[in-house]
Number of protein chains: 2
Amino acid sequence: MNPGRPREFNTEQALEAAMQQFWLAGYEATSLQDLLDVMNLSKSSLYHAYGSKHELFLRSIDCYQQTSANELQQSLDNSLTSKAFMKRLLEDVISEATSKKKKGCLLVNTANELSHRDKAVSKAVLNGIDNVANVIKQAIKRGKKEAAIKSTVSTDTLVNYIVSNVSGLRTMVKSGVDKTELTPLVNMIMKTVY
Amino acid sequence: MNPGRPREFNTEQALEAAMQQFWLAGYEATSLQDLLDVMNLSKSSLYHAYGSKHELFLRSIDCYQQTSANELQQSLDNSLTSKAFMKRLLEDVISEATSKKKKGCLLVNTANELSHRDKAVSKAVLNGIDNVANVIKQAIKRGKKEAAIKSTVSTDTLVNYIVSNVSGLRTMVKSGVDKTELTPLVNMIMKTVY
DNA sequence: ACTATTGTGGACTCAACGGTCCTTATTTTC
DNA sequence: GAAAATAAGGACCGTTGAGTCCACAATAGT
């Protein structure tokens with residue numbers, strides 16, 4: 001029923017490699033050759049397994065989004081307080097300012113590069129943002145329950161506030177703004193919520 | 001001393017057209033042919049006048065940045081209060097959410113697309129952001145003088161806060177987030193400063 | 001009018017792109 | 001072990017990318 005030569009590569013592992021490449025360079029700037037190199041497979045294998053560069057990209061977004069949301073969830077579960085979680089989140093974002101490779105966030109990058117002219121991509125990004133936002137929503141709810149958040153602003157707006165600020169910080173990091181300027185900014189954002 | 005055939009096109013006008021194209025589609029996604037079409041000139045004329053696609057892009061960024069900063073300055077000069085100016089600024093950003101073409105801001109777009117792998121571009125973007133930020137700095141200073149801003153946070157941090165939030169809002173607009181979600185966000189941002 | 005100088009149009013180059021397809025290899029089922 | 005099925009390698013394809021070059025056009029100074 002399902003005979004035939006078995007795959008010589010792990011589809012999940014190869015997808016992960018593709019995702020890393022797209023994350024690093026974006027969609028347009030990543031050539032098929034780049035993908036073949038990092039995924040370590042031949043052109044026909046790639047097309048056989050994933051269909052096209054575009055489909056592979058969509059799957060990469062999904063892969064990123066899932067692991068991202070999972071890591072965030074784990075971080076939240078391991079945090080003592082909502083506030084501690086949020087501080088860690090923001091500081092992780094600006095910590096990239098001192099590193100050489102500023103990959104940012106694949107979802108933010110993609111939103112800026114493609115969302116406005118690729119329906120399928122836009123949908124995948126929005127879905128990813130939604131998943132990530134859900135973890136943040138939990139954190140906000142927890143913060144309200146812990147009475148750490150005194151703000152009367154609605155939970156949803158606070159979530160959007162965090163998402164917006166994370167995106168903004170990411171853009172500034174990518175632009176090359178120095179970390180010393182970003183730290184007071186993080187403090188200010190924290191104070192407006194907690 | 002300076003004989004020869006005169007140019008049949010206006011270099012500033014053509015540059016403006018190129019800038020609009022880059023603004024709409026980004027650097028990579030704009031082909032030379034696209035540029036020739038919107039600028040209405042032949043390939044040799046373009047290379048003669050601007051050198052290369054890359055140089056033309058750098059000049060486009062500069063063109064954008066100048067007109068942008070000027071418009072912002074004008075808006076500030078025409079505003080009754082610092083607060084009114086800032087509210088207009090933020091609302092202008094999210095007003096794009098209801099329009100079809102979501103061009104965003106060329107500086108933010110470029111920061112996300114190219115800044116991390118193109119030194120010259122990164123420099124041009126940072127310079128542009130700086131010019132725009134300077135207008136915002138004036139607005140913040142004015143807000144402090146008018147005593148509309150009670151925050152003890154330093155002017156520079158407040159400026160970065162606005163820049164970061166504008167970038168964040170722009171990304172959300174581009175992602176396709178609905179305007180009804182963005183309006184409360186703008187209100188919240190305003191309240192954290194004024 | 002002639003020359004020097006600059007602008008313009010378009011044919012051309014060459015490399016890279018995403019994608020297809022055909023041959024060959026490897027496995028399972030019967 | 002033959003047949004069916006799937007994987008892999010790589011030659012191949014048409015298109016498009018940015019950029020070059022050359023012949024021709026238009027101007028200013030002499």
Side-chain angles (χ1 to χ4, degrees), chain A residues 1-61 110 113-114 117-121 124, chain B residues 1-61 110 113-114 117-121 124:
Chain A
M1 185 126 278
N2 185 26
R5 184 172 167 179
R7 271 210 185 86
E8 288 178 12
F9 64 96
N10 180 316
T11 46
E12 291 307 307
Q13 203 170 303
L15 177 61
E16 159 85 20
M19 182 268 274
Q20 288 286 344
Q21 174 60 36
F22 281 129
W23 190 3
L24 187 66
Y27 181 72
E28 299 281 3
T30 292
S31 73
L32 214 35
Q33 194 52 55
D34 291 333
L35 292 168
L36 301 184
D37 290 347
V38 300
M39 298 171 82
N40 234 307
L41 39 83
S42 75
K43 205 173 266 200
S44 59
S45 300
L46 188 149
Y47 276 87
H48 211 161
Y50 305 97
S52 68
K53 185 190 177 187
H54 191 258
E55 287 178 64
L56 178 57
F57 185 58
L58 291 178
R59 291 193 53 176
S60 296
I61 293 178
T110 305
E113 184 189 355
L114 288 179
R117 58 189 163 98
D118 189 319
K119 196 81 179 296
V121 166
Chain B
M1 184 126 280
N2 185 27
R5 184 173 168 177
R7 272 212 184 82
E8 289 178 9
F9 64 96
N10 179 318
T11 47
E12 292 305 308
Q13 202 171 303
L15 177 60
E16 159 85 19
M19 182 269 274
Q20 288 287 343
Q21 174 59 36
F22 281 129
W23 189 4
L24 187 65
Y27 181 72
E28 300 280 2
T30 292
S31 73
L32 213 37
Q33 194 53 56
D34 291 334
L35 292 168
L36 300 184
D37 289 348
V38 300
M39 298 172 81
N40 235 308
L41 38 83
S42 75
K43 206 171 266 199
S44 59
S45 299
L46 187 150
Y47 276 87
H48 211 161
Y50 305 96
S52 68
K53 185 189 175 187
H54 192 258
E55 287 177 63
L56 177 57
F57 185 58
L58 291 176
R59 292 193 54 178
S60 295
I61 292 178
T110 305
E113 185 188 354
L114 288 179
R117 59 189 164 96
D118 189 320
K119 197 81 180 294
V121 165

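Lettering follows sequence order; numbering is per chain, from 1.
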Next on the checklist: From NE2 of H48(B) over to P of dA26(D), roughly how many Å is that when rounded to an integer?
Outcome noted: 17 Å
Item to check | All side chain to side chain donor-acceptor pair (under 3.5 Å) counterparts of E55(B), not counting sequence neighbours | outcome: none
Next on the checklist: Nearest whole Å is fine: how far is dG10(C) P from L46(B) CG?
Outcome noted: 15 Å
Item to check | Positions of residues 15-26 of chain A (non-hydrogen atom under 4.0 Å from DNA chain C), listed by number | outcome: none
Next on the checklist: For S45(B), give me all partners under side chain to side chain contact (heavy atoms under 4.5 Å, CB included), at least two apart in sequence or on another chain.
Outcome noted: F9(B), L41(B), S42(B)
Checklist entry - Within this structure, what is the OH-to-C1' distance between Y50(A) and dG19(C), rounded to whole angstrom? => result 17 Å
Item to check | dA8(D) phosphate, OP1 or OP2, under 4.0 Å from S42(A) side-chain N/O | outcome: no
Item to check | Partners meeting salt bridge (Lys or Arg N to Asp or Glu O under 4.0 Å) with R117(A) (sequence neighbours left out) | outcome: E28(A)
Checklist outcome for this item: Atom CE of M39(B) and atom P of dT8(C) are separated, to the nearest Å, by 11 Å
Item to check | Rounded distance in Å - CG (N10(A)) to P (dA7(D)) | outcome: 14 Å
Item to check | Protein proximity profile, nucleotides 11-22 of chain D - base contact B, sugar-phosphate-only contact S, no contact -, cut-off 4.0 Å on heavy atoms | outcome: ------SBBBB-
Checklist outcome for this item: Residue set satisfying side chain to side chain donor-acceptor pair (under 3.5 Å) with N40(B), at least two apart, ordered chain then number -> none
Checklist outcome for this item: When rounded to whole Å, the CG to C1' distance for the pair L35(A) and dC17(C) reads 12 Å
Next on the checklist: Does dT8(C) have OP1 or OP2 under 4.0 Å away from a side-chain N or O of S45(B)?
Outcome noted: yes
